[in-house]
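Note sheet for the following structure.
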Amino acid sequence: MMSAFNSSILIDVFRTSGKLLTFQLSKEEYEQLGLRHLVFGLACTLVVGIGRWWDDPGANLLQHLGLGSVIYIFVLTGILLFIAAPLNPENWTYKPVLTFVSLTSPPALLYAIPVERFADLSIARSLNVWFLAIVATWRLALLLFYFKQAAGLSIFASIVVTLLPVIAIVTTLTALNLERAVFDIMGGLRESGTSNDEAYGVLFGLTFFSMLLLVPTFICYLGLIFFRRDR
């Protein structure tokens with residue numbers, strides 16, 4: 001009886017997570033995310049973290065244990081709470097947002113594929129850049145959907161608060177001249193070589209548009225805050 005009960009819970013968690021990752025959860029289903037979903041999300045984050053760094057001899061102990069990824073989602077949740085709070089989103093407390101962020105971890109399993117083991121440097125770099133692009137786009141789309149569906153923000157407000165932290169982070173890293181190192185780490189470009197011109201071309205485009213969009217996005221963000229207060 002207990003085994004059947006546990007299996008039922010696990011199946012429900014898997015089904016809910018699958019619907020979340022495919023943009024099918026309703027507002028009511030988002031509100032029903034609970035402790036079991038958070039535990040599952042944290043477990044996924046841990047596994048993804050281990051898979052991300054398992055073949056990197058330069059990674060530290062926290063990264064090899066997957067704990068670095070777990071710490072990251074706690075910090076990211078705090079940043080999202082802080083940025084969106086002035087817009088008064090619905091159900092905007094730490095636990096439900098952390099649960100959502102943790103459940104967006106599975107796509108990052110793409111990072112665990114050791115493409116450099118069965119492909120030459122040029123192909124491995126290209127694949128890693130594509131993996132990075134897919135995971136980043138997927139997660140941003142999930143966040144935008146969450147702001148719209150679960151937090152009750154308008155589509156315009158959802159776009160602004162989704163893009164603002166990303167644009168701010170990329171612009172800050174560019175100002176500190178750290179963007180190339182971070183891009184290497186996130187994209188899995190761990191070896192030296194000359195075949196990364198295409199990858200850094202993507203990076204240049206990303207940093208250029210981030211710097212270009214920072215001011216207008218921030219102005220839109222301030223406008224949304226004042227509009228909310230006036231209303």
Side-chain angles (χ1 to χ4, degrees), residues 1-54 63 65-81 83-85 87 89-115 127 130-155 157-159 161-163 165-166 186 188:
M1 179 68 71
M2 184 61 69
S3 176
F5 178 72
N6 290 337
S7 298
S8 176
I9 292 177
L10 191 58
I11 291 173
D12 176 69
V13 170
F14 272 109
R15 182 173 62 248
T16 302
S17 301
K19 291 181 68 175
L20 184 149
L21 291 172
T22 53
F23 309 91
Q24 297 181 58
L25 277 191
S26 65
K27 180 178 178 62
E28 292 72 22
E29 288 173 313
Y30 272 114
E31 293 174 351
Q32 292 171 5
L33 294 178
L35 181 60
R36 63 184 183 276
H37 300 99
L38 175 58
V39 171
F40 176 74
L42 291 175
C44 288
T45 304
L46 192 69
V47 171
V48 165
I50 293 172
R52 175 68 186 86
W53 300 103
W54 70 272
Q63 291 170 326
L65 294 177
L67 297 177
S69 297
V70 174
I71 294 171
Y72 165 76
I73 66 169
F74 277 88
V75 175
L76 176 60
T77 299
I79 293 174
L80 293 176
L81 283 170
I83 290 177
L87 303 182
E90 301 173 15
N91 196 30
W92 202 243
T93 56
Y94 196 89
K95 183 179 176 182
V97 178
L98 175 63
T99 302
F100 162 76
V101 173
S102 69
L103 290 173
T104 64
S105 296
L109 282 172
L110 282 173
Y111 293 152
I113 301 176
V115 291
L127 287 174
W130 275 108
F131 290 163
L132 173 61
I134 291 170
V135 173
T137 303
W138 194 347
R139 283 178 158 178
L140 282 177
L142 286 170
L143 181 58
L144 192 155
F145 186 78
Y146 181 75
F147 278 127
K148 178 68 174 63
Q149 187 80 343
L153 298 181
S154 67
I155 184 63
S158 298
I159 292 173
V161 293
T162 297
L163 292 180
V166 178
M186 292 300 296

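Residues I155 and L144 have side chains in contact (heavy-atom distance under 4.5 Å, counting atoms from C-beta outward). Taking 4.5 Å as the limit, some side-chain heavy atom of L35 sits within range of a side-chain heavy atom of V39. Between L20 and T16 the shortest side-chain heavy-atom distance does not fall below 4.5 Å. Residues L103 and L142 are not in side-chain contact: their nearest non-hydrogen atoms beyond the backbone lie 4.5 Å or more apart.
Here CG of L140 is found 7.0 Å from CG of L163. Values are rounded to the nearest 0.5 Å. To the nearest 0.5 Å, atom OG of residue S154 and atom CG of residue L87 are 8.5 Å apart. K95 NZ to L33 CG: the interatomic distance, rounded to the nearest 0.5 Å, is 10.5 Å. Taking CD1 of I71 as the start and OG1 of T45 as the end, the distance is 12.0 Å to the nearest 0.5 Å. Once rounded to the nearest 0.5 Å, the distance linking CZ of F100 with CD1 of I73 reads 11.5 Å.
Put simply, the side chain of W138 gets close to the backbone of L21: a donor and an acceptor are under 3.5 Å apart. Not a single donor-acceptor pair under 3.5 Å links the side chain of T137 to the backbone N or O of I134. Side chain of Q149 to main chain of Y146: no donor-acceptor pair is present (N/O by atom type, distance under 3.5 Å, no hydrogens or angles). Between the side chain of T104 and the main chain of V101, a donor-acceptor pair closer than 3.5 Å is present. Checked by atom type and distance alone, the side chain of W92 pairs as donor or acceptor with a backbone atom of L81 at under 3.5 Å. Within the 3.5 Å criterion, the main-chain N or O of A150 finds a donor-acceptor partner in the side chain of K27.
Listed here is the closest heavy atom pair of S69 and G49: OG-CA, 3.2 Å. Between V166 and T162 the shortest heavy-atom distance is CG2-O, 3.7 Å. The minimum heavy-atom distance between H37 and Q32, with the atom names listed, is CE1-O, 4.0 Å. When all heavy atoms of L25 and F145 are compared, the closest pair comes out as O-CE2, 3.7 Å. Residue E90 comes nearest to G152 through the heavy atom pair OE2-CA, 4.1 Å, listed as atom of the first residue, atom of the second, then distance. Taking all atoms of both residues into account, the shortest heavy-atom contact from R15 to D12 is NH2-OD1, 3.1 Å.
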Worked verdict on L42 versus L38 for side-chain contact (heavy atoms from CB on, under 4.5 Å) | CA-CA 6 Å; L42 291 175; L38 175 58; 4.0 Å; yes

For S26 and K19, what are the C-alpha separation, side-chain angles and deciding distance, and is it a side-chain contact (heavy atoms from CB on, under 4.5 Å)?
-> CA-CA 9 Å; S26 65; K19 291 181 68 175; over 6 Å; no

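Aromatic ring pairs are classed by plane angle as parallel below 30°, tilted from 30° to 60° and perpendicular above 60°; the pair F40 and F14 is perpendicular.
F23 CZ: more than 12 foreign heavy atoms inside a 6.0 Å radius.
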